[in-house]
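Remarks on the structure that follows.
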Amino acid sequence: PELPVTGAPSAEHLRKSSSFTVACPGTRQTMPKVSFDVECVPSEAVLLNFLLAKLQRLEPDILIGHDLLGGIVEKLLARMRVRGTSKWSRLGRLVRSKHLTEVFGTSKSMYARASSVSVAISGRLPCDTYIQARELLPKAKDYSLAALAESELKEIVPSFKSKAISNMLSTVDGVTELVGASERRTEAALKLAVHLSIIPLTKQLTNLSGNVWSRTLRGMRAERIEYLLSHEFSKESVSGLVDVKFILPDKLRKSDKPTTGAGTKTTSRRKAQYAGGLVLEPKRGLYDHHILQLDFNSLYPSIIQEYNICFTTVLQDSEEPAKIKLPEASEKEGILPRVLRRLVEQRRSVKSQMKSTKNPLLLKQLETRQLALKLTANSIYGCLGFENSRYFAQPMAEMVTAQGRDTLMKTVELAREKQMDVIYGDTDSLFINTGLTELPMVVAQGADLKKEVNRRYRTLEIEIDGVYVKMLLLRKKKYAAMRIQNLRMPDHLVREVKGLDLVRHDWCDLSHEASEYSLQQILGSGLRPDDAVANILDFLTQLAAKVRGNMLSLKKYIITKSLTKMPEEYPDGTTTPHVKVAFRAKQFGK
DNA sequence: CCCTGGAGCGC
DNA sequence: AGGCGCTCCAGGG
């Protein structure tokens, strides 16, 4: 169906032109009436041709689906290959006369397969809700359609394991149920695409970077930044502001890549190549006076602007090209800082427009635009440190993080000079135990530090991020606190938990229950710490008795670990428990 | 006892 | 097919 690029299509949009076709080999059985049209065709070969004919009739510009690129299209191509479907290229708009076998093999590399999928649907924009959800909802733990529908759309959609599907295909009722489920899943994918504003957002991202829309839809963050910067450098050389025709930075790194001789790491993360953010040693404990949290806004983009860090400005040591120095203050603004400044200014302008409009459609468009500006600005640093990026510049990435550490350190020093008790900080934030319980005084203290810090910088900017009335600080990156959500409503508290076992999905239910009870006692009960501890001890003692008495369901003990690659790809002799379990599961044919 | 992977967080 | 920092667990020697 036609889908407006902006605005929300209704479910009717889909339903109006929606119909399902089912292949029912053998006896031609009557499908019971459901909420949509169902046509029966005699074989899979006919079904595939029916789909292609339908696609050609509809001529869709956009294909939407969950795991469209990694799953759906690939599966279709695989079946068309088996059935020898000649008009396979009608999936897209590029007419191909070659036999599918020649274009789409089964035993190709991941890259080659992805490229076959691209070719097959060329001319239509692939909107894969799985790929986009991974990019736009980084905090989600489960990217299955059913999980995303539940968390984002508050809808329950069915999902089936492949074994269940093959069973259902043998009965009329089963097929009917599957068709109904397919309709709901299809609708959920469309709603998810609309909910995440995938089409308008990727359009904005593409307009900002000047790359190809279909590539933005496939993820490819580094490529977007490559285009953004290449356009910018090209403009500069044309207008003569930079005395070079083109810039292709030398890719330099301080140390050579660790030899990949032992086991090629296909998926798991490489060891860090350079130093990153500073994490302060926490002063551990339970705080019951107001804690003030201050944050630097967009730390790394701001640092690039503040110190004018660019390929065109940093000073390279002629002896050691990997060694660079910050440019002089008199140096004119480089290209990287200027791109960032422009993105930030545009975002500020969009945000101010939002304040003066009430038109919901326009508001939605502006919201999408400001998000695209933010995502683009925030991606630039990451690409400087990304080895396969065209603009990989490890010395510059290191310079950015070094300035970040310096900025946080100096801010902590200033706060301590002001007799403030800095109890923790991570990369761009610091937490101060004010020793106060009067919100206005706490905010005044924060405002004082903020003013002093911001006076020192042109672009860098610190802000009060929040006030907590109670905080349990356990380790680096592990804490829980009661936050005053809105400084105008100081009685409304919201619990915030970072890094604790409670927020980790790999721990078992039993552990979560114990954590939940303990945290509730400490932060949420209003009890004195001693009493809370007594209750916790009591709870844990009883729990231990239940565990020892084998009185709890085995389900409560289940822990979850995932593999980041195929079990065979782990080094020889790997005896890690979860890899062992994977091998055993394979043995049992799971 | 020290070290290294591996996973899953935080930023 | 952006980055690094920091637990915490297991296993090897």
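All figures in this text were calculated on a predicted structure; none of them were measured in a lab. Chain A is the first sequence line, chain B the second, and so forth, proteins listed ahead of strands; every chain is numbered from 1.
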Minimum-distance nucleotide (side-chain atoms of A/His505 versus C/dG5, B/dC9, C/dG2): B/dC9
A/Thr564 side-chain N/O to B/dA7 phosphate OP1/OP2 under 4.0 Å: yes
Sugar-phosphate only, base, or nothing, as touched by A/Gly382 at under 4.0 Å among non-hydrogen atoms: base
Side chain of A/Arg269 - closest among C/dG3, C/dC8, C/dC6: C/dC6
Spacing between A/Ile559 atom CD1 and B/dC9 atom P, to the nearest angstrom: 14 Å
Pair A/Tyr468, A/Gln293: side-chain N/O donor-acceptor within cut-off below 3.5 Å: yes
Nucleotide of B/dG6, B/dC9, B/dC11 approaching A/Asp428 most closely (side-chain heavy atoms): B/dC11
Results of side-chain hydrogen bond (donor to acceptor under 3.5 Å, both in side chains) for A/Lys283 - residues two or more places apart only: A/Asp421
Value in whole Å for how far the P atom of C/dG2 lies from OH of A/Tyr381: 14 Å
Sugar-phosphate only, base, or nothing, as touched by A/Phe296 at under 4.0 Å among non-hydrogen atoms: nothing
Ring centre gap for A/Tyr479 and A/Phe431 strictly below 6.0 Å: yes
Touch class at under 4.0 angstrom, heavy-atom based, for A/Thr401 against every strand present: nothing
N/O donor-acceptor pair under 3.5 Å between A/Arg124 side chain and A/Leu91 backbone: yes
Touch class at under 4.0 angstrom, heavy-atom based, for A/Ala222 against every strand present: sugar-phosphate
A/Trp507 side-chain proximity, nearest of C/dC9, C/dC6, C/dG3: C/dC9
Length of the line joining A/Leu336:CG and C/dG2:C1', which is rounded to integer Å: 14 Å
Upstream residue (5' side of DNA chain C) when A/Gly277 and A/Lys561 are each assigned their closest nucleotide: A/Gly277
Any N/O donor-acceptor pair, A/Arg504 side-chain to B/dG10 base, under 3.5 Å: no
Sugar-phosphate, base or nothing in reach of A/Lys141, heavy atoms under 4.0 Å: sugar-phosphate
Any A/His578 side-chain N or O less than 4.0 Å from OP1/OP2 of B/dG6: no
Nearest-Å distance for atom pair CG/P, residues A/Asn297 and B/dC11: 15 Å
Interatomic distance, A/Glu496 CD vs B/dG10 P [rounded to whole Å]: 10 Å
Nearest-Å distance for atom pair OH/P, residues A/Tyr424 and C/dG5: 13 Å
Minimum-distance nucleotide (side-chain atoms of A/Asp506 versus C/dC4, C/dG3, B/dG8): B/dG8
A/Lys477 side chain near C/dC6 phosphate (N/O to OP1/OP2, under 4.0 Å): no
side-chain N/O A/Lys498 vs B/dC11 OP1/OP2, d < 4.0 Å: yes
Sugar-phosphate, base or nothing in reach of A/Val503, heavy atoms under 4.0 Å: sugar-phosphate
Among B/dC11, C/dG2, C/dG5, the one nearest A/Tyr479 by side-chain distance: B/dC11
A/Thr206 and A/Val212: CA distance, side-chain angles, deciding distance, side-chain contact (heavy atoms from CB on, under 4.5 Å) verdict: CA-CA 7 Å; A/Thr206 289; A/Val212 176; over 6 Å; no
Nucleotide of C/dG3, C/dC6, C/dG2 approaching A/Val279 most closely (side-chain heavy atoms): C/dC6
Interatomic distance, A/Arg390 CZ vs C/dG2 P [rounded to whole Å]: 15 Å
N/O (side chain, A/Thr427) to phosphate O (OP1/OP2, B/dG10) under 4.0 Å: no
Which nucleotide in C/dG3, B/dG6, B/dG10 has an atom nearest any side-chain atom of A/Tyr570: B/dG6
From B/dG10, B/dA7, C/dG2, nucleotide with atom closest to A/Leu563 side chain: B/dA7
Near-ring test A/Phe233/A/Tyr391, centroid separation under 6.0 angstrom: yes
Donor-acceptor pair, side chain of A/His512 and main chain of A/Arg504, under 3.5 angstrom: yes
Nucleotide C/dG5, atom P - distance to CG of A/Leu280 in whole Å: 14 Å
5'-most by nearest nucleotide on DNA chain C - A/Tyr300 or A/Asp501: A/Tyr300
